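Chain letters run A, B, ... following the sequence lines, proteins first and then strands; every chain starts at 1. Please read these numbers as outputs of a predicted model, since none were measured by experiment.
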Amino acid sequence: MANEELAGLFYEIADLLDLEGVPFRPEAYRRAARALEQEPEDLEMLRKQGRLKDVKGLGEALTKKVEEYLESGKVSYLEKLRTQHPAGVLDLLRLEGVGPKTAGRLMVEFGVQSVEDLKKAIMEGRLRDQKGFGEKRIAALLEAAQGAGLAHLRLPLPKAQLIADGLIADLQKRCAHLQRISYAGSLRRRRETVGDLDIVTSSARPSELIEAFTSHPSVKTVRLKGDTKSTVVLDSGLQVDLRVVPNENYGAALQYFTGSKDHNVRLRSMALQKGFSINEYGISRNGQLTPISEEEGIYGALGLPLIPPELREDRGEVDAALAKSLPPRPSLGSLRGEIHIHLNPSAGVEMLAKWIEALANKGFAYGGFVFPGTDRSFPAVPSISKGVRILRGAEVPSPWVTVGEIDWKEREYALLLPPPRGAYDEKALGDALHELSRRGRPAILAHLETRAPSETPPPFELLAKLGGALEVGITSEGVTLESTLVRKAVSLHVPLSVSSRPERTEDLGRLGLALDFAVRGWAKESDLFRLEGTPAPLVRAA
DNA sequence: GCCGTTTTCGGCCCGACTGTTTTCAGTCG
């Protein structure tokens, strides 16, 4: 889609304007860029419908630039800016510790136009004894310049979650005085990838906590270490920010550091209109701070219900909260089972028993085991064991023509696999959905992670019309579908099949994360697909 | 350049940390 590409161009304009020292406009371009990245609708479509201005952050001038881009594939304003600045200076801005002021000075006073130039200038000692460039700063600049070009690591959601859980458990174990602790930031908002980990804690002894944090065995380097906050880089390359506040301020801090930036800006401007202000400690009115210990306190002061972290992106959630029309959050209990378990038929009955045990321990009503559609070698299984109904699904590859060859007396549902690349054959998909519906077998379009994110999105309208569900899963590697597409599916009433995509029984624990991710797409309980109500399994007890 | 349930003009978050500063500027989140 053009959306991300154009967002990239807007970010570049913002950086160049920053270099020129222009106030406010860079942020306006960045706000618009963030909105474009999160816009599920294709820009071309929005333009045709005259809805471009509905995108938050697009006013008159930026709408014109979007239209120019859609017509010509370029933004002439950016082209003009590019001619006024050497191509390499944008790389300088991306260095740790280099902002617009420093980049500008390097350019004007030292003729530095690229990261290479900067290295040379430092080696030749040209920065030494210059105002503002002490020994430490020069060393930091050199280190940043030498590490330049390494792409900033963004971890997939499930991997970031594992690291956060481990770190938090360790800190709890090592710090008896620790009161409350939570991950915040984009991990708590359940973004599909996490650039750095934010952890918010409360403790009466912050310095001991900071000490425990910076000396944790998985810490590679300590970037920053103050009285109440610290930044480290882990061996895995992930950056982690820790913030310690007094217990009475915990709610305000958690809200503040969960973000998103745009969501918080929106809340703060609402607060100003109501005559108070919000910061990471609480609410202040006439210079008098009232500490806020629970997040609800921040939202309550604005007359809002608590907005789920997954929705805090300034994508309409504040207006929905004001209108009391936030989607009610589905409970984990509303997921009655896991239907995407791959069981190797040769693994035998013991493995199946292990799965059933795990499903029963989770309180699930059913478990669905998936085999290739025409495979007939699966073990004979009881229909119910330990209170868990056992269902068998058939995996059907695109273009789904084998639907007619499968013995549906032995299969309760179908997982339809997408074509590995290119457009969906809607005729073939429609035929398969009709055929399955005729046989009373639910169908789920699944394994979307096998397609590149840049490929055509699934035909949501067709799925909605014919009652096909869509898998929203989290594998050990990442999410199976971008959240903008999940939101689009929800808006078109496509049922979502939430899955932890387990490879081992422990992975069933990922189901909560998968549900959170569906919530990020504004899913409510009625959007969730379940296998309840399907015919009883036809398998005879073994 | 955007935005408005006090506004079509005048705002636009602000606190922590670092380095080099003798009182603060720049960067970051």
Side-chain angles (χ1 to χ4, degrees), chain A residues 10 13-14 17-18 20-35 53-66 75 77 92-106 127-141 144 152 184-186 195-200 206 210 214 222-232 239-245 249 252-253 255-284 289 302-303 314 318-319 322-323:
Chain A
F10 279 4
I13 291 175
L17 290 176
D18 252 345
E20 296 185 353
V22 178
F24 305 116
R25 283 169 56 205
E27 254 329 284
Y29 276 95
R30 288 195 185 99
R31 256 198 319 272
R34 287 194 294 271
K53 275 193 184 147
D54 295 352
V55 177
K56 267 197 153 54
L58 291 188
E60 206 172 322
L62 289 190
T63 299
K64 279 221 179 77
K65 292 186 171 68
V66 174
V75 180
Y77 180 53
L92 288 178
L93 269 185
R94 294 198 183 96
L95 297 180
E96 180 81 31
V98 178
K101 294 280 162 55
T102 308
R105 278 196 64 195
L106 287 171
L127 264 51
R128 209 176 297 142
D129 298 327
Q130 298 297 317
K131 190 166 56 122
F133 291 105
E135 207 176 316
K136 279 187 166 177
R137 183 138 162 76
I138 291 175
L141 282 175
H152 183 58
S186 54
D196 45 38
L197 213 56
D198 291 294
I199 296 181
V200 175
I210 297 276
T214 53
V222 177
R223 280 247 169 94
L224 186 144
K225 184 175 172 183
D227 297 335
T228 62
K229 77 183 251 192
S230 170
T231 300
V232 303
Q239 178 172 309
V240 188
D241 296 333
L242 180 89
R243 188 63 197 262
V244 193
V245 296
N249 306 108
Q255 195 290 319
Y256 189 90
F257 290 107
T258 295
S260 70
K261 188 188 179 94
D262 294 321
H263 174 84
N264 284 353
V265 166
R266 180 78 202 275
L267 295 190
R268 284 192 295 265
S269 71
M270 280 177 70
L272 289 175
Q273 278 166 16
K274 288 175 179 284
F276 59 93
S277 70
I278 301 169
N279 62 27
E280 65 253 62
Y281 297 105
I283 286 173
S284 67
L289 181 84
L302 294 165
D314 195 26
V318 178
D319 293 318
L322 280 169

Which part of the nucleic acid, if any, lies within reach of [X] when heavy atoms closer than 4.0 Å are counted: base, sugar-phosphate only, or nothing?
| X | result |
| --- | --- |
| Q130(A) | nothing |
| P23(A) | nothing |
| F257(A) | nothing |
| G185(A) | nothing |
| R137(A) | sugar-phosphate |
| L95(A) | sugar-phosphate |
| E27(A) | nothing |
| F10(A) | nothing |

Rounded distance in Å between the [atom1] positions of [N] and [M]:
| N | M | atom1 | result |
| --- | --- | --- | --- |
| dG11(B) | dT6(B) | C1' | 13 Å |
| dG10(B) | dG15(B) | C1' | 25 Å |
| dC2(B) | dT8(B) | C1' | 12 Å |
| dT20(B) | dT27(B) | C1' | 15 Å |
| dT23(B) | dT18(B) | C1' | 15 Å |
| dC13(B) | dG4(B) | P | 14 Å |
| dT21(B) | dG26(B) | C1' | 12 Å |

Just to confirm, is there a sub-4.0 Å distance from OP1 or OP2 of [N] to any side-chain nitrogen or oxygen of [X]?
| X | N | value |
| --- | --- | --- |
| K136(A) | dG19(B) | yes |
| Q273(A) | dT7(B) | no |
| K65(A) | dG1(B) | yes |
| T228(A) | dC17(B) | yes |
| T102(A) | dT27(B) | yes |
| Y281(A) | dA16(B) | yes |

What is the distance from [atom1] of [X] to [atom2] of [N], rounded to the nearest Å?
| X | N | atom1 | atom2 | value |
| --- | --- | --- | --- | --- |
| D18(A) | dT27(B) | CG | C1' | 11 Å |
| L224(A) | dA16(B) | CG | C1' | 8 Å |
| K225(A) | dG19(B) | NZ | P | 13 Å |
| K64(A) | dG1(B) | NZ | C1' | 13 Å |
| I199(A) | dG29(B) | CD1 | P | 16 Å |
| R31(A) | dC3(B) | CZ | C1' | 8 Å |
| D262(A) | dC3(B) | CG | C1' | 13 Å |
| N264(A) | dG15(B) | CG | C1' | 14 Å |

Taking the basic N atoms (NZ, or NE/NH1/NH2) and the acidic carboxylate oxygens, is any pair closer than 4.0 Å for [X] and [Y]?
| X | Y | result |
| --- | --- | --- |
| D319(A) | R266(A) | yes |
| R243(A) | E280(A) | yes |
| R34(A) | D262(A) | yes |

TODO: Return the 5'-most residue of the pair A103(A), G226(A) with respect to DNA chain B, ranking by each residue's nearest nucleotide.
DONE: G226(A)
Task: Residue whose closest nucleotide on DNA chain B lies nearer the 5' end, K56(A) versus D196(A) - done: K56(A)
Open item on the list: Is it true that S230(A) and T214(A) share a donor-acceptor pair across their side chains at a distance under 3.5 Å?
Closed with: no
Task: Distance-only polar pair, side chains of T102(A) and R137(A), donor-acceptor under 3.5 Å - done: yes
- [ ] Check every atom of dG29(B), dC13(B), dG26(B) against the side chain of Q239(A) and return the nucleotide holding the closest atom.
- [x] dG29(B)
Open item on the list: Looking only at the side chain of L62(A) (C-beta and beyond, no hydrogens), which of the listed nucleotides dG15(B), dG26(B), dG1(B) gets closest?
Closed with: dG1(B)
Open item on the list: Which label fits Y29(A) and F10(A): parallel for a plane angle under 30°, tilted from 30 to 60°, or perpendicular past 60°?
Closed with: perpendicular
- [ ] Would you say whether F24(A) stacks on dC2(B)? The test is a distance between ring centres of less than 5.5 Å and an angle between planes of less than 30°.
- [x] no
TODO: Given side chain to side chain contact (heavy atoms under 4.5 Å, CB included), test V55(A) with L62(A) step by step and report yes or no.
DONE: CA-CA 11 Å; V55(A) 177; L62(A) 289 190; over 6 Å; no
TODO: Please give the nucleotide sitting opposite dG10(B) as a Watson-Crick or G-U wobble pair, both distances under 3.5 Å, or none.
DONE: dC3(B)
Task: Stepwise side chain to side chain contact (heavy atoms under 4.5 Å, CB included) test for L127(A) and L106(A) - done: CA-CA 9 Å; L127(A) 264 51; L106(A) 287 171; 4.2 Å; yes
